[in-house]
Amino acid sequence: MIQAIKGTRDILPEEAETWQRHERIARAVFARYGYREIRTPVFEETQLFARGIGSETDIVSKEMYTFEDRDGGSLTLRPEATAGIVRAVIEHNLAQSDPMLKLYAIGPMFRREQPQKGRQRQFHQINVEAFGMSRPSIDVEIVELALTLLAECGVGGCELLLNSVGDAHCRPAYLETLRGALAKEKARLCADCQRRADVNPLRVLDCKVPADQPLIATLPKITDHLCAECRDHFAEVRRQLDLLGIAYRVEPRLVRGLDYYVRTTFEVTSSALGAQNSVLGGGRYDGLVHELGGPELCGIGFAVGMERLALIPAAEGESAQTRRCEVFLVPLAPGALDRALLAQRGLRAAGRSALLDHEGRGLKSQMKKADKLGARFVAILGEDEQARGVWTVRNMASSAQEEVPEARLAEYFRERLDG
RNA sequence: GUGGAUGUAGCUCAGCUUGGUUAGAGCGCCAGGUUGUGGCCCUGGAGGCCGCGGGUUCGAAUCCCGUCAUCCACCCCA
């Protein structure tokens with residue numbers, strides 16, 4: 001039996017309604033903050049990701065779906081959205097003409113990882129990016145937007161983690177300090193950390209092995225080694241978050257896996273998620289646009305994991321089963337089908353959702369079907385009704401029935417279903 | 001790539017320890033109980049190479065080996 005590729009899955013109609021709800025809410029929220037949608041291709045030149053994300057990152061070094069095009073070029077299914085959006089911003093010179101470049105994107109990403117709870121090889125993100133704004137207030141707006149989005153989607157029990165990872169001026173010096181500290185203590189850490197100490201010392205800070213924690217706590221923190229500009233920026237971000245009454249926890253050990261982040265980084269976690277507990281993550285990426293061949297244009301953004309969003313139970317149980325049908329038509333008499341087809345077409349043209357049974361079953365069976373489809377009304381056409389040009393209309397909630405002339409059907413339902 | 005758990009009806013699962021007549025339940029689906037009326041109830045029905053391959057045995061869903069898949073976790077991220 002052919003089945004879905006490992007790490008991919010089908011989103012069945014019932015769950016798809018939850019996704020649609022989240023997307024609808026997101027678009028509405030973004031409109032209020034002045035963000036507009038951009039849609040970029042799901043595959044790009046491999047070089048774009050290698051240069052943008054960092055060739056030494058896990059994503060680029062071992063998780064990308066890369067393949068050779070027929071002309072020999074190397075293409076890659078996007079593992080994240082920001083690089084492609086930045087490419088489009090540069091290619092179309094969007095920053096030149098837009099007085100306030102704010103963009104969002106919704107779509108699938110691809111990473112070849114081992115699947116587990118909240119992690120798929122094809123997964124979906126909602127991305128938000130703002131370009132050309134360097135002041136701390138946009139950092140705060142982005143964070144506030146992220147939290148508003150989650151709140152409106154009904155997710156509760158979330159925690160905002162905040163950090164500053166410094167910039168090109170102060171991070172190299174900090175890394176040296178950290179390396180120095182690690183060199184002395186390395187032998188006492190777990191095997192993974194000893195490897196990290198050489199490859200990516202920042203990751204040691206993120207280690208979860210209990211035995212390593214006491215030593216990690218003594219390591220120098222990035223937030224104590226920021227340059228004056230980064231320190232001031234971070235302080236102002238925190239001051240404004242306080243001003244807006246937004247709760248957060250400064251987490252100096254919060255390290256992002258993409259090389260392009262500078263200064264502000266943040267993450268929102270939920271206890272409902274298991275090991276992959278981050279619903280949303282992002283940060284500032286001031287050097288990225290230039291790095292990819294564009295102008296000196298700063299940027300900041302975040303991504304929400306839609307699978308993870310869907311895993312978090314909505315605060316209030318909004319289990320309103322969607323009605324698939326307002327009017328269910330039941331042609332009983334031989335020849336009634338023709339009248340039903342005409343009536344169905346007419347009702348649909350009038351904006352009603354109308355269905356009829358295509359199996360030609362008995363009345364009882366069709367009534368059951370109408371009930372299961374959530375029909376508000378059932379309209380029956382038997383020999384008796386057909387002879388007199390009327391339909392017997394049953395209100396499924398009250399079980400009341402009355403006869404309605406065929407010509408008045410649309411009007412009848414409009415009066416009872418609209419408003 | 002590594003570790004652990006699990007694979008039986010469309011779905012959720014029992015049966016496996018102590019091998020033994022046609023493999024079960026609930027939900028769902030279909031039909032009947034009402035010559036033209038849904039929900040609740042009752043009755044009946046359809047639907048399973050018991051993940052796949054091999055082995056042990058008179059006999060395997062059940063024991064053994066292998067394999068594949070899924071889930072969870074490590075790594076890392078949304």
Problem - Atom-pair distance (CG on Leu12(A); P on G28(B)), nearest Å - result: 19 Å

Problem - For atom CG of Leu311(A) and atom C1' of A78(B), their distance in whole Å - result: 12 Å

Exercise for the section: Identify, between Arg112(A) and Leu258(A), the residue whose nearest nucleotide on RNA chain B lies closer to the 5' end. Expected result: Arg112(A)

Exercise for the section: Please step through side chain to side chain contact (heavy atoms under 4.5 Å, CB included) for the pair Thr265(A) and Glu251(A), ending with a clear verdict. Expected result: CA-CA 10 Å; Thr265(A) 59; Glu251(A) 179 50 271; over 6 Å; no

Handout entry: Cationic N near anionic O, under 4.0 Å, Asp139(A) to Arg263(A)
Key = no

Completion exercise
Separation of G28(B) atom C1' from Glu14(A) atom CD, nearest Å, is 13 Å

Practice task
Hey, could you give me each pair passing ring pair (Phe, Tyr, Trp, His ring centres under 6.0 Å) that has a residue in residues 332-382 of chain A? Not counting sequence neighbours.
Solution key: Phe377(A)-Phe413(A)

Problem - Spacing between Glu56(A) atom CD and C76(B) atom P, to the nearest angstrom - result: 15 Å

Problem - No-hydrogen, no-angle side-chain donor-acceptor test under 3.5 Å, Arg348(A) and Gln344(A) - result: yes

Considering only nitrogen or oxygen atoms on both sides, find all protein atoms under 3.5 Å from nucleotides 2-10 of chain B and state each distance.
none

Problem - Spacing of Gln276(A) atom CD relative to C75(B) atom C1', expressed in whole Å - result: 9 Å

Exercise for the section: Please determine if a side-chain N or O atom of Lys6(A) lies less than 4.0 Å away from the OP1 or OP2 oxygen of U70(B). Expected result: yes

Handout entry: A25(B) and C42(B), which share atom name P, separated by this distance in whole Å
Key = 15 Å

Exercise for the section: Classify the side chain of Glu113(A) versus the base of A78(B) as yes if they form a donor-acceptor pair under 3.5 Å and no if they do not. Expected result: yes

Exercise for the section: Ignoring hydrogens and angles, tell me if any N or O in the side chain of Asp167(A) forms a donor-acceptor pair with the backbone of Cys170(A) under 3.5 Å. Expected result: yes

Exercise for the section: Can you sort out the partners of Glu63(A) under side chain to side chain donor-acceptor pair (under 3.5 Å), two or more places apart, ordered by chain and number? Expected result: none

Practice task
Select base, sugar-phosphate, or nothing to describe what Ala370(A) touches, counting heavy atoms under 4.0 Å on all strands.
Solution key: nothing

Exercise for the section: Rounded to whole angstrom, note down the P distance from C65(B) over to G4(B). Expected result: 14 Å

Exercise for the section: May I ask you to decide whether Arg339(A) forms a salt bridge with Glu385(A), counting only side-chain N to carboxylate O separations under 4.0 Å? Expected result: no

Practice task
Can you check whether any acceptor in the base of C75(B) is under 3.5 Å from a donor in the side chain of Gln116(A), or vice versa?
Solution key: yes

Practice task
Heavy atoms under 4.0 Å is the rule here; annotate nucleotides 29-47 of chain B 5' to 3' with B where the base is hit, S where only the sugar-phosphate is, and - elsewhere.
Solution key: SSS-B--BBBB--------

Handout entry: Side chains of Glu141(A) and Ser137(A), donor plus acceptor under 3.5 Å
Key = no

Exercise for the section: Could you work out the separation of G33(B) and C40(B) based on their C1' atoms and round it to a whole Å? Expected result: 14 Å

Handout entry: Asp10(A) CG to C11(B) P, straight-line distance once rounded to whole Å
Key = 13 Å

Practice task
Sticking with atom C1', work out how far C52(B) lies from G48(B), rounded to a whole angstrom.
Solution key: 16 Å

Handout entry: Whole-Å gap separating P (C76(B)) and CG (Leu205(A))
Key = 12 Å

Handout entry: Sugar-phosphate only, base, or nothing, as touched by Val279(A) at under 4.0 Å among non-hydrogen atoms
Key = sugar-phosphate

Problem - Within 45° cone and under 6.0 Å: Arg119(A) NZ/CZ vs Phe123(A) ring - result: no

Problem - Gap between atoms CZ and P, on Arg253(A) and C76(B) respectively (whole Å) - result: 13 Å

Problem - Under 3.5 Å donor-acceptor, Glu152(A) side chain and Ala26(A) backbone - result: no

Practice task
Represent RNA chain B in dot-bracket notation, 5' to 3'. Only Watson-Crick or G-U wobble pairs with both distances under 3.5 Å count; pseudoknot-style crossings use [ ] and interstrand partners use |.
Solution key: (((((((..((((......[...)))).(((((.......))))).....(((((..]....))))))))))))....

Exercise for the section: Quick one: label Gly118(A) by what it contacts on the DNA or RNA (base, sugar-phosphate, nothing), any heavy atom closer than 4.0 Å. Expected result: base

Practice task
Quick one: pull up OG1 in Thr18(A) and CG in Leu309(A) and give me the separation to the nearest 0.5 Å.
Solution key: 9.5 Å

Problem - Parallel, tilted or perpendicular: rings of Phe30(A) and Tyr104(A) (30°, 60°) - result: tilted

Handout entry: C16(B) versus C63(B) - spacing of their C1' atoms, nearest Å
Key = 10 Å

Practice task
Return the set of residues passing side chain to side chain donor-acceptor pair (under 3.5 Å) with Arg253(A) (not counting sequence neighbours), or none when no residue passes.
Solution key: Gln213(A)

